[in-house]
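Within every chain, numbering begins at 1; the chains are lettered A, B, ... in the order of the sequence lines, protein sequences first and strands thereafter.
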There are 2 protein chains.
Amino acid sequence: MPSRRHVIADDLRHQISSGQLKAGERLPSEAQLATRYTVSTATLRSALALLQGEGLVEKIHGNGNFVRHPLRRITYAGGAAAPAPWTAFSAPLRMTARTTNIKAPSHLTTLLNLPPRSSLNEVLFTTHEGKTPHGLAHIYVPHGFAPATPPLPEQIAARLADLRPPLSEVQERVSARLPTLEEAETLRISPSLAVLSLTRVTTDSTGRVIEAALLVLPGDRADALFTTRFVTEERSSKK
Amino acid sequence: MPSRRHVIADDLRHQISSGQLKAGERLPSEAQLATRYTVSTATLRSALALLQGEGLVEKIHGNGNFVRHPLRRITYAGGAAAPAPWTAFSAPLRMTARTTNIKAPSHLTTLLNLPPRSSLNEVLFTTHEGKTPHGLAHIYVPHGFAPATPPLPEQIAARLADLRPPLSEVQERVSARLPTLEEAETLRISPSLAVLSLTRVTTDSTGRVIEAALLVLPGDRADALFTTRFVTEERSSKK
DNA sequence: GAGTGGTCTAGACCACGAG
DNA sequence: TCGTGGTCTAGACCACTCA
């Protein structure tokens, strides 16, 4: 039953968790490891692939295999807690933003409930903690609503708060999948490591979509938390 | 740049989406496909692995590779919508339940905020649509709260609604990861297909944990939806 | 037992990174 | 240039499913 690659993966996993292999350290070369475990390189690589999928090992082509730094887990706070993604994370993160004005492609017009070829602002966020990327967010704001020149998140957040008509509903759809090659590259994660994909649509009281955000978070170091509080006194009415 | 396995995967993917290969159909054997694409079996298998991770292909050892049936996406409705998981799904699903009384292991005592070695009821749900499993849920209820003999979900739901003191908070934590081997087996999904992992903790107004649920949903056919409505200052009428 | 996928080998050659 | 990981081959043998 226990295949060789699982035995090897278990051994390496134990070496990592026990501290024999430290974070950031480079593993012996695949050829050396293959010799040590007396397996072929293909088998050894499939063992490393398991660890890679768990986020324990990072492979760098032409350089080596490295023990990933221990993951400081970040939490995306959903629901009532967060009207904007940059305020939705538990830890302060360095982020970069780039705003561009685009013609809405079809999948966005349906999401934002806009006529085809509408003009809207796309803000691309990448959040980092140190050098390692932590998240990826595409945020779409129609109607020239976003600040064009200074892409400061605070401004958008402030405008959302003072909005008239007020925002009335936030829908957040969460799914799990493997990253696209592009996402894996920018997040510097393995293509076999699951990501958490969030689609958030904010609507005002007239039913118009104010903002849509597509977030991608690496599954090994991020999760989303939704808290719902019930009002105790009046729980008689039901829909 | 384009590796052979990606070219092959693209071709097969197109054959599936275009209908040349129909749902449920068996693909040609790996040996035949390897000959057709003039690659080795190892390369062809790595191409199939890509499709497997996308949920397009199901491998059955000793039998063949099959095109998976088109996924009817199910939605887990979180937040205020759902006090119980069996009411939280968009589509009616057949489910089986098994109740056992266990001594709480340590990871559960911290989650439920209970003293060590507490006795609690574990309910294991598996939901199906037709023959294919859709979800997996472990639900833990302390204090002999769950119905012991008839594990009918309605009874638990009813008790939760009439609870005194009333429930006051639901916390749902969502993460994305690869399934364990056991989960992959019971859900009949590939070990390389991401799953959505939900941990829900329900607390009553005294801060006591009423129920904890651990849900695992296959990422290719399930997502979770959280809706938050904001009440405006003035009294808003129900629509 | 025949045919399928699962695992593994012992190489070859290519692509990348750092000195 | 040298050592690394990335891709691929042409087999071998094992484990499973089904008739």
Side-chain angles (χ1 to χ4, degrees), chain A residues 1-12 21 24-53 55-68 131 178-179 181-182 184-186 188-193, chain B residues 1-12 21 24-53 55-68 131 179 181-182 184-185 188-193:
Chain A
M1 287 305 215
S3 57
R4 295 203 199 231
R5 67 158 171 275
H6 283 115
V7 175
I8 297 172
D10 286 347
D11 187 49
L12 290 172
L21 288 169
E25 196 172 335
R26 189 171 77 174
L27 300 183
S29 75
E30 298 184 349
Q32 289 173 359
L33 287 174
T35 306
R36 174 190 302 179
Y37 290 108
T38 61
V39 294
S40 71
T41 59
T43 301
L44 184 111
R45 282 175 57 77
S46 75
L48 286 179
L50 295 176
L51 302 178
Q52 200 187 7
L56 291 176
V57 164
E58 178 178 3
K59 321 201 73 175
I60 300 184
H61 189 174
N63 197 351
N65 297 299
F66 295 83
V67 181
R68 277 190 106 196
K131 281 191 302 181
L178 295 182
L181 288 178
E182 190 186 1
E185 192 174 324
T186 55
R188 288 178 60 82
I189 60 174
S190 151
S192 62
L193 189 127
Chain B
M1 287 317 199
S3 56
R4 293 198 201 235
R5 67 159 172 276
H6 282 116
V7 174
I8 297 172
D10 286 347
D11 187 49
L12 290 173
L21 288 169
E25 197 172 332
R26 189 171 77 175
L27 300 183
S29 76
E30 298 184 350
Q32 289 173 358
L33 287 175
T35 306
R36 175 190 302 181
Y37 290 109
T38 60
V39 294
S40 71
T41 60
T43 302
L44 184 112
R45 282 175 57 76
S46 74
L48 286 179
L50 295 176
L51 302 178
Q52 202 186 5
L56 291 176
V57 164
E58 179 178 2
K59 321 201 74 174
I60 300 183
H61 190 173
N63 196 352
N65 298 301
F66 295 83
V67 180
R68 276 190 106 195
K131 283 190 303 183
L181 287 179
E182 189 186 0
E185 193 175 323
R188 288 179 61 81
I189 59 174
S190 151
S192 63
L193 189 127

Touch class at under 4.0 angstrom, heavy-atom based, for R45(A) against every strand present: base
Would you call [X] and [Y] a side-chain contact if the rule is heavy atoms closer than 4.5 Å?
{"X": "V57(A)", "Y": "V67(A)", "result": "no"}
{"X": "F66(B)", "Y": "L21(B)", "result": "no"}
{"X": "Y37(A)", "Y": "D11(A)", "result": "yes"}
{"X": "L12(B)", "Y": "L48(B)", "result": "yes"}

Write down the protein N/O and nucleotide N/O pairs, taken from nucleotides 17-19 of chain C, whose separation is under 3.5 Å; answer none if there are no such pairs.
none

Partners meeting side chain to side chain donor-acceptor pair (under 3.5 Å) with R68(B) (sequence neighbours left out):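 R68(B): side chain to side chain donor-acceptor pair (under 3.5 Å) contacts with D220(B).
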Rounded interatomic separation in angstrom, taking [atom1] from [X] and [atom2] from [N]:
{"X": "L44(B)", "N": "dA10(D)", "atom1": "CG", "atom2": "C1'", "value": "14 Å"}
{"X": "L27(A)", "N": "dG3(D)", "atom1": "CG", "atom2": "P", "value": "19 Å"}
{"X": "N65(A)", "N": "dC16(C)", "atom1": "CG", "atom2": "C1'", "value": "14 Å"}
{"X": "F66(B)", "N": "dT17(D)", "atom1": "CZ", "atom2": "P", "value": "12 Å"}
{"X": "Q52(B)", "N": "dG6(C)", "atom1": "CD", "atom2": "P", "value": "7 Å"}
{"X": "L181(A)", "N": "dG6(D)", "atom1": "CG", "atom2": "C1'", "value": "14 Å"}
{"X": "L48(B)", "N": "dC8(D)", "atom1": "CG", "atom2": "C1'", "value": "16 Å"}

Divergence of helical axes at both termini of the helix from dG1(C)-dC18(D) to dA18(C)-dT1(D) - five pairs an end, 10° steps: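 Helix axis angle between the two ends: 20°.
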First of S29(B) and R4(A) reached from the 5' end of DNA chain C, by closest nucleotide: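 By nearest-heavy-atom nucleotide position, the 5'-most residue is S29(B).
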Over 12 foreign heavy atoms within 6.0 Å of CD, E185(A): no
Where at least one partner belongs to residues 57-67 of chain B, residue pairs that pass salt bridge (charged side-chain N to carboxylate O under 4.0 Å, His left out), sequence neighbours excluded: E30(B)-K59(B), E58(B)-R188(B)
Modelled atom types, side-chain donor and acceptor of S46(A) and T43(A), under 3.5 Å: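 Side chains of S46(A) and T43(A): no pair found under 3.5 Å.
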By side-chain contact (heavy atoms from CB on, under 4.5 Å) - contacts of D10(A) (at least two apart): R13(A)
Donor-acceptor pair, side chain of T35(B) and main chain of A31(B), under 3.5 angstrom: yes
Under 4.0 angstrom between R5(A) side-chain N/O and dC8(C) OP1 or OP2: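 Result: yes.
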Near-strand residues of residues 30-43 of chain A, defined as heavy-atom separation under 4.0 angstrom from DNA chain D: E30(A)
Which atom of L193(A) lies closest to which atom of L178(A), heavy atoms considered: C-CD2, 4.1 Å
